[in-house]
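One structure is given below, encoded as structure tokens.
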Amino acid sequence: MSDVTIPTVDLGPYLWYGQFDRDARHESLAVAAALETLGVVNVRDPRMPEGLDESFLNLTQRYFEQAAEAKQADERFSLGHQIGWTPPYTEKPRDRAAMLDELIASYAMHTADYPATYTWYRLKGGRSKDAKERFFERVGPRPEKTNYPGLNEPTLVPAAFPEWLEVTTAWSSHMLAALMTTLEMAAVGFGVEPNFFTRLMQFAPHLLAPTGSDLMTHTELGTPFAGFHSDLNLATIHGRSNYPGLFAWTRDWRRFPVRVPQGAFLVQSGMQLERLTGG
């Protein structure tokens with residue numbers, strides 16, 4: 001396994017002084033370089049209120065600790081689970097076994113760099129669905145008219161949590177602001193206009209998607225909570241989780257653990273960003 005350190009970038013200089021500031025440019029180049037080589041970068045946003053991350057983690061942990069019967073009222077199967085609760089063993093990653101066979105042969109990949117799910121599926125036979133559960137909530141402004149109403153459904157508020165919207169709206173608003181700034185800096189680092197990416201994201205169907213993993217039920221070592229996959233979207237921003245377990249890969253397929261410092265976000269590039277930048 002590769003001993004990779006994910007850079008942590010400060011959004012402050014760019015926010016305070018703009019793209020032409022020397023420090024802001026240095027940080028922007030660091031964002032672009034990290035996304036190009038690792039696909040991930042940690043960022044610190046001075047706008048984030050202290051303690052908001054803990055409030056969000058506490059709220060969502062209490063939500064997932066509810067009995068399945070209580071959460072079923074929040075399930076929206078008819079919307080493809082893109083709003084509300086997604087039960088465990090619903091999401092299933094694409095079958096990448098053939099691709100991984102080729103990568104292992106082409107890069108002489110060490111067994112320590114194999115995705116855990118690759119080994120798991122080989123041992124178990126076939127593919128399993130992810131053991132994680134999720135809750136999806138829309139983020140940001142909506143278009144007044146849309147040909148895709150299923151992507152712009154109103155937010156669902158869990159009955160037992162009257163404080164839900166106050167906490168999740170505050171958290172998701174700060175996450176989206178940090179993501180937009182990071183993508184502006186990435187654009188500057190790649191040598192294009194700051195709004196090169198963000199102009200494409202106006203009125204996009206952004207999602208807040210906290211994830212829960214039941215460690216009391218799923219106790220077998222090696223159980224895949226989230227299988228090996230590539231995100232379809234432009235970029236994903238993560239808050240710090242309660243436990244480790246997320247891995248990513250370098251461009252030459254060396255696996256490394258994803259670690260997010262206290263008070264920081266992790267920004268992860270998606271397939272849309274890969275195409276917009278020509279790889």
Side-chain angles (χ1 to χ4, degrees), residues 4-57 138-143 166-208 231 233-241 246 248 250-251 256 258-279:
V4 171
T5 299
I6 302 172
T8 300
V9 172
D10 183 7
L11 306 186
Y14 182 87
L15 289 167
W16 297 323
Y17 307 116
Q19 62 171 305
F20 299 111
D21 175 75
R22 184 181 63 179
D23 291 338
R25 178 159 181 78
H26 178 269
E27 298 292 82
S28 296
L29 289 169
V31 169
L35 292 178
E36 181 177 356
T37 57
L38 302 178
V40 290
V41 65
N42 288 319
V43 299
R44 292 192 183 277
D45 190 337
R47 297 169 295 188
M48 174 58 64
E50 186 175 352
L52 182 56
D53 53 347
E54 294 297 329
S55 297
F56 176 75
L57 272 177
R138 297 295 172 197
V139 174
R142 299 286 179 279
E166 180 182 354
V167 175
T168 60
T169 300
W171 175 248
S172 61
S173 297
H174 282 286
M175 290 187 87
L176 185 57
L179 178 61
M180 290 295 203
T181 301
T182 303
L183 289 174
E184 284 189 14
M185 293 173 65
V188 171
F190 284 128
V192 293
E193 290 300 314
N195 70 345
F196 184 82
F197 302 121
T198 56
R199 63 186 171 83
L200 302 174
M201 299 171 65
Q202 300 303 315
F203 301 110
H206 306 299
L207 281 170
L208 178 68
D231 280 4
N233 52 337
L234 196 146
T236 302
I237 184 167
H238 304 258
R240 183 181 169 91
S241 64
L246 180 63
T250 61
R251 294 177 73 95
F256 61 93
V258 173
R259 296 187 176 95
V260 184
Q262 190 73 40
F265 290 118
L266 176 86
V267 174
Q268 170 190 335
S269 60
M271 293 171 70
Q272 294 176 30
L273 187 62
E274 182 179 4
R275 281 152 178 74
L276 285 168
T277 56

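- Closest non-hydrogen pair, R44 versus Q262, comes out as NH1-O, 2.8 Å.
- Here the closest heavy-atom approach between residue P143 and residue F203 is recorded as N-CD2, 3.7 Å.
- The line from CG of L234 to CZ of R275 is 11.5 Å long, rounded to the nearest 0.5 Å.
- Looking at residues two or more places apart in sequence or on another chain, you find a side chain to side chain contact (heavy atoms under 4.5 Å, CB included) between F196 and A187, V192, R199.
- The CG atom of L183 sits 6.5 Å away from the CG atom of L273 when rounded to the nearest 0.5 Å.
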Exercise. Show your working on side-chain contact (heavy atoms from CB on, under 4.5 Å) between M175 and L179 and close with a plain yes or no.
Key: CA-CA 6 Å; M175 290 187 87; L179 178 61; over 6 Å; no

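- Two residues are said to be in side-chain contact when any heavy atoms from C-beta on lie closer than 4.5 Å; T168 and F56 meet this criterion.
- Under the 4.5 Å side-chain criterion, counting only non-hydrogen atoms from C-beta, H206 is in contact with L176.
- Two residues are said to be in side-chain contact when any heavy atoms from C-beta on lie closer than 4.5 Å; Q272 and L200 fail this criterion.
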Practice problem: Give the intermediate values and the outcome of side-chain contact (heavy atoms from CB on, under 4.5 Å) for residues T182 and E184. | Solution: CA-CA 5 Å; T182 303; E184 284 189 14; over 6 Å; no

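- Within the 4.5 Å cutoff, the side chain of P194 has heavy atoms near those of the Y14 side chain.
- For Q268 and D231, the side-chain atoms include at least one donor-acceptor pair closer than 3.5 Å.
- For residues 16-32, no pair satisfies side-chain hydrogen bond (donor to acceptor under 3.5 Å, both in side chains), with sequence neighbours left out.
- The shortest distance between side-chain heavy atoms of F256 and T5 does not fall below 4.5 Å.
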Can you give me every donor-acceptor pair (side chain of residues 29-42, partner residue at least two apart or in another chain, under 3.5 Å) with its distance?
{"residue": "T37", "atom": "OG1", "partner": "A33", "partner atom": "O", "Å": "2.8"}
{"residue": "N42", "atom": "ND2", "partner": "R259", "partner atom": "O", "Å": "3.1"}

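- One finds the CZ atom of F190 at 6.0 Å from the CZ atom of F197 (value rounded to the nearest 0.5 Å).
- Separation of atoms OG1 (T198) and CE (M180) is listed at 6.0 Å; rounding is to 0.5 Å.
- For H174, there are no side-chain hydrogen bond (donor to acceptor under 3.5 Å, both in side chains) partners two or more places apart in sequence or in a different chain.
- To the nearest 0.5 angstrom, W171 atom CH2 is 6.0 Å from L52 atom CG.
- Counting all heavy atoms, side chain and backbone alike, T169 lies closest to S173 at O-OG, 2.7 Å.
- Scored by the salt bridge (Lys or Arg N to Asp or Glu O under 4.0 Å) test, D45 finds R47 as partners (sequence neighbours excluded).
- One finds the CD atom of Q202 at 9.0 Å from the CG atom of N195 (value rounded to the nearest 0.5 Å).
- Side chains of V258 and L266 form a contact here, defined as non-hydrogen atoms less than 4.5 Å apart.
- Residues T8 and P261 share a closest heavy-atom pair of OG1-CG, 3.6 Å.
- Applying the salt bridge (Lys or Arg N to Asp or Glu O under 4.0 Å) rule to R240 yields no partners; only residues at least two apart in sequence or on another chain are considered.
- Looking at heavy atoms from C-beta onward, L11 lies in side-chain contact with M185 at the 4.5 angstrom threshold.
- Exactly one of L15, V9, D10 qualifies for a side chain to side chain contact (heavy atoms under 4.5 Å, CB included) with P13. That residue is D10.
- Closest heavy-atom contact between L207 and V139: C-CG2, 4.0 Å.
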